[in-house]
K.L.:
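The structure's right below; bear with me while I get my questions together.
Just so you know, ligand 1 is whichever comes first in the structure, and atom 1 is the first atom listed for that ligand. All values below were derived from every heavy atom in this structure, side-chain atoms included, with hydrogens, water molecules and symmetry-related copies excluded.
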Amino acid sequence: MEEKLVVTKIRNGIVIDHIPAGKALKVLKVLGITGSEGLRVALVMNVESRKLGRKDIVKIEEKYLSMKELSLIALIAPTATINIIKEYKVVEKQKVKPPSIVKGLIKCPNPTCISRKKNEPIKSLFKLKSTNPIMLECQYCGYVLRGDEIEDYIET
Ligand code: CTP
Ligand code: ZN
């Protein structure tokens with residue numbers, strides 16, 4: 001580690017590193033973290049990175065990610081690395097990968113899409129059309145969703 005430590009190391013939890021600069025708040029938003037959960041969270045924004053030029057980092061203590069959360073992070077921040085920290089050590093490091101099919105995680109923005117009908121037992125279904133930039137296509141109505149729109153359409 002050659003970068004200067006901007007915030008302290010954490011004991012147990014996750015460090016989401018190599019987030020594209022400026023996207024840290026979106027990552028927190030897709031994780032549903034508002035601050036009122038009481039989790040200890042550190043945000044680092046726009047620091048130097050050899051790989052990315054600039055990057056953001058999110059550290060969350062005592063938090064582990066579900067598959068759903070990993071998929072959403074991959075769609076918002078495809079360059080991210082997830083570090084799992086136990087007793088101050090990085091015990092696992094994983095690169096996120098945008099899923100080729102996204103089912104039931106994101107609402108289709110098209111209000112007339114069949115997946116939006118309250119009485120239909122249909123889960124939303126998107127196919128990954130492009131990774132750079134991220135583009136998802138609704139398999140019911142063809143709506144194309146951009147990566148930066150995703151945060152506004154998370155299924156609750
Ligand atoms: N980290 C932390 N608390 C710890 C251990 C690591 O906050 N107890 C953070 C580091 O500050 C770094 C990230 O987790 O931002 C990954 O740590 P490490 O693998 O040691 O750093 P690098 O080797 O620089 O990672 P990479 O090769 O993925 O860039
Ligand atoms: Zn649709």
K.L.:
How wide is the angle at the Zn ion (ligand 2) between SG of C108 and SG of C141, to the nearest 10°?
P.N.:
100°
K.L.:
For the side chain of S124 and the backbone of S115, is there at least one donor-acceptor N/O pair under 3.5 Å apart?
P.N.:
no
K.L.:
Below 3.5 angstrom, do we get any N/O pair linking Y88 and ligand 1?
P.N.:
yes
K.L.:
Applying side chain to side chain contact (heavy atoms under 4.5 Å, CB included) between I82 and each of V15, L65, D17, report the one that passes.
P.N.:
L65
K.L.:
Go through ligand 1 atom by atom and flag the ones less than 4.0 Å from a non-hydrogen atom of K59.
P.N.:
2 (C), 7 (O), 11 (O)
K.L.:
Taking the side chain from K93 and the backbone from I84, do they hold a donor-acceptor pair closer than 3.5 Å?
P.N.:
no
K.L.:
Are any of the N/O atoms in K89 less than 3.5 Å from those in ligand 1?
P.N.:
no
K.L.:
Within a distance under 4.0 Å of any heavy atom of V15, pick out the atoms of ligand 1 and give their elements.
P.N.:
1 (N), 2 (C), 7 (O), 9 (C), 13 (C), 14 (O)
K.L.:
Below 4.0 angstrom from a heavy atom of I85, which ligand 1 atoms are there? Numbered from 1 as shown, please.
P.N.:
4 (C), 5 (C), 6 (C), 8 (N)
K.L.:
Please report whether ligand 1 has a polar contact with I10, defined as an N or O pair separated by less than 3.5 Å (distance criterion only).
P.N.:
yes
K.L.:
Check for a donor-acceptor pair, side chain of Q139 on one end and backbone N or O of E137 on the other, with a separation under 3.5 Å.
P.N.:
yes
K.L.:
Is ligand 1 less than 4.0 angstrom away from at least one heavy atom of R11?
P.N.:
no
K.L.:
Does E37 reach the main-chain N or O of G35 with its side chain, forming a donor-acceptor pair under 3.5 Å?
P.N.:
yes
K.L.:
For the backbone of K107 and the side chain of R116, can you confirm whether one donor and one acceptor N or O come within less than 3.5 Å of each other?
P.N.:
no
K.L.:
Can you sort out which atoms of ligand 1 are near K93, meaning under 4.0 Å from one of its heavy atoms?
P.N.:
16 (C), 18 (P), 19 (O), 25 (O), 26 (P), 27 (O), 28 (O)
K.L.:
Does the D56 side chain pair with the main chain of K23, one donor and one acceptor, at a distance under 3.5 Å?
P.N.:
yes
K.L.:
With atom 29 (O) of ligand 1 as the reference point, say which of R50, K86, H18 has the nearest heavy atom.
P.N.:
H18
